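Written out below as structure tokens is the structure these notes cover.
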Amino acid sequence: MRLHRNLVYTTIDALNAIFNEGEYADKVVARSLKKDKRWGSSDRKFVAETIYEIVRWKRLYAEIAEVKEPFDRDNLWRMFSVWAVLRGYPIPDWRQLEGTPERKIKGRFDELSKVRALKESIPDWMDELGVKELGEKVWATEIAAQNQPARVILRVNTLKTTREALRAILMDLNIETETLKNQPDALVLKERANVFLTDAFKQGFFEVQDANSQLVAAFLDVKPGMRVVDTCAGAGGKTLHIASLMENKGQLIAMDLYESKLKQLKIRAKRDGAFNIEYRIIDSTKIIKKLHEKADRVLIDAPCSGLGVLKRNPDAKWKLKPEFIDNIRKVQSEVLESYSKIVKPGGKLVYATCSILPSENQEQIARFLTTDIGKQFKFIKDQKILASESGFDGFYMALLERKENSEQKEKRVQKEIE
């Protein structure tokens, strides 16, 4: 087990882009992995995992290394040396790593790990918010779980294949998978692999989607032939799942504020063979008003803090600010009130976030139900999912049904019979 100079230099360059130039870790990692075509899978694995590890533990490693932001290259090398010592790598005699104080690093790790915000490497404000909303015990367990690397989960595209067939295809490529109880479309990779290079992916046999994210579309209770609206579709992970559950029958309207995201969705939908999707950019209130009381099902996958998905987006810990969370709660209230009007009487709505904070979840639903439009809905059920309990991402989803009078109900039942 030894360090290779070209791999470590790539890692340092990547950390500089993430910490000092504000780039997103996933984009930087993807770019870094293309740097040298001669690298084997173990080389790429080292680069990707080391970048994510140092991003994940930035605060702790900086404290141990006694460096402060903005980090110059010497600072980044000192943080890297902390990572190497704590991971048990022999320190090579490179100029940048001269005089690495191995004993001091281990001692400071033991000392600093007594403070949770340092041990779990999070900003103080985030630690305080977590305790306030979830309580000391739940938060301590949850943030520890959020610091575990995310596993790779596939969602089988049932428009094109079956879970058993896909498992067999991947097994032939020496990619072993496990099934998940009560999740018929999910496959968990036993070991990380670049599944995007496989023909199975290029043919649209699967998407990469967290196990708990896959629960959202099922929660919406869609049926083939319905009119369904995904109001915050983004690049469309959940949209594509809904399309498969609808068996390409009916109308699925994917909406988003950003045309660029819908363009990504179009590419994915073509690959997946999902052709019942219509795309609409929300560039005015008219787009929403035209759909008032028209949809059988509406998904509001609301913008949120993302505090349920830190294990796969560790750089969010450093990009998030308290004022963003305050603002996003207002946005959540607004989209709930606005987009809920799309649901027709007797139809259903799912409000979902990838946050674990009650203020973005249960409290938003409770507040919504007191509004003029919210009083037209009844609460059916919700599901609160913590990473510490499930092993996957943290999520929240609430199912509401729009009330209908006896005449409306009679018409709906008659139409369903027809």
Side-chain angles (χ1 to χ4, degrees), residues 142 145-146 148-171 173 175-193 195-196 198 200-201 203-224 226 228 230 233-248 252 268-269 271-274 297 299-301 306 308-313 348 350-356 361 380-399:
E142 182 63 11
Q146 289 286 359
Q148 299 304 308
R151 299 178 73 186
V152 180
I153 320 293
L154 311 183
R155 179 184 58 75
V156 181
N157 178 17
T158 53
L159 293 174
K160 286 199 167 183
T161 189
T162 64
R163 186 167 69 174
E164 292 68 30
L166 180 59
R167 283 193 85 186
I169 291 168
L170 295 174
M171 183 63 81
L173 300 172
I175 299 174
E176 289 190 64
T177 58
E178 299 170 337
T179 58
L180 282 178
K181 190 179 179 184
N182 299 325
Q183 287 197 240
D185 299 337
L187 286 175
V188 185
L189 265 59
K190 287 190 178 181
E191 290 183 13
R192 293 189 79 87
V195 291
F196 297 114
T198 63
F201 175 73
Q203 291 169 26
F205 288 179
F206 65 86
E207 292 286 339
V208 174
Q209 185 179 5
D210 180 76
N212 290 338
S213 176
Q214 293 184 36
L215 296 173
V216 177
F219 207 72
L220 192 57
D221 185 31
V222 298
K223 303 273 191 310
M226 283 183 169
V228 181
D230 184 350
K238 297 179 185 71
T239 314
L240 295 170
H241 193 188
I242 292 169
S244 68
L245 293 174
M246 293 174 74
E247 299 170 10
N248 263 336
L252 174 52
R268 295 173 74 186
R271 185 181 62 234
D272 284 11
R297 300 287 185 269
L299 172 61
I300 302 175
D301 185 18
V309 293
L310 293 179
K311 60 167 57 198
R312 70 181 61 255
N313 297 318
K348 293 176 183 176
V350 165
Y351 170 84
T353 75
C354 54
S355 174
I356 51 173
N361 298 331
I380 305 296
K381 60 181 178 178
D382 67 359
Q383 195 170 351
K384 305 174 283 287
I385 309 171
L386 295 175
S388 52
E389 294 172 351
S390 67
F392 304 109
D393 288 347
F395 264 89
Y396 175 79
M397 53 200 92
L399 178 66

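Predicted, not measured: the structure shown is a model, and the values here were computed from it.
- Residues forming a side chain to side chain donor-acceptor pair (under 3.5 Å) with N313 (at least two apart in sequence, or on another chain): none.
- Considering CG of L310 and SG of C354, their distance stands at 9.5 Å, rounded to 0.5 Å.
- The side-chain heavy atoms of M397 and I385, taken from C-beta on, include a pair separated by under 4.5 Å.
- Here the OG1-CD distance, from T161 to Q203, works out to 9.5 Å after rounding to the nearest 0.5 Å.
- For the side chain to side chain donor-acceptor pair (under 3.5 Å) test, no residue two or more places apart in sequence or in another chain qualifies with N157.
- Here the side chain of Q209 pairs no donor or acceptor atom with the backbone of I153 at under 3.5 angstrom.
- By the salt bridge (Lys or Arg N to Asp or Glu O under 4.0 Å) test, R155 pairs with no residue at all, sequence neighbours left out.
- Nearest heavy-atom pair across I169 and A200 is CG2-CB, 4.1 Å.
- Considering only heavy atoms from C-beta on, N361 stays 4.5 Å or farther from K384 through its side chain.
- Under the 3.5 Å distance criterion, the side-chain polar atoms of N212 are left unmatched by any main-chain donor or acceptor of G394.
- Other residues, nucleotides and ligands contribute over 12 non-hydrogen atoms within 6.0 Å of the CD atom of Q383.
- Under 4.0 Å is where a charged nitrogen must lie from a carboxylate oxygen, and between K160 and D272 no such pair does.
- Atom CZ of R297 and atom CG of D230 lie 14.5 Å apart (nearest 0.5 Å).
- Ion pairing between K348 and D221 holds under the 4.0 Å rule for side-chain N and carboxylate O.
- Residues passing the side chain to side chain donor-acceptor pair (under 3.5 Å) test with E207, sequence neighbours excluded: R268, R271.
- Put simply, OG1 on T162 and CZ on F205 are 9.5 Å apart, with the number rounded to the nearest 0.5 Å.
- Residue F206 holds its CZ atom at 14.5 Å from OG1 of T158, rounded to the nearest 0.5 Å.
- With sequence neighbours left out, the ring-ring contact (aromatic ring centres under 6.0 Å, His included) criterion links F392 to no other residue.
- Remark: P184 engages no residue in a side-chain contact (heavy atoms from CB on, under 4.5 Å) (not counting sequence neighbours).
- For the side chain to side chain contact (heavy atoms under 4.5 Å, CB included) test with R151, the passing option among K311, R192, E178 is E178; the others fail.
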**Request:** Dump the intermediate steps for salt bridge (charged side-chain N to carboxylate O under 4.0 Å, His left out) on D210 and R312, then the final yes or no.
**Result:** CA-CA 10 Å; D210 180 76; R312 70 181 61 255; 3.0 Å; yes
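- A distance of 13.0 Å separates CZ of F395 from CZ of F219, quoted to the nearest 0.5 Å.
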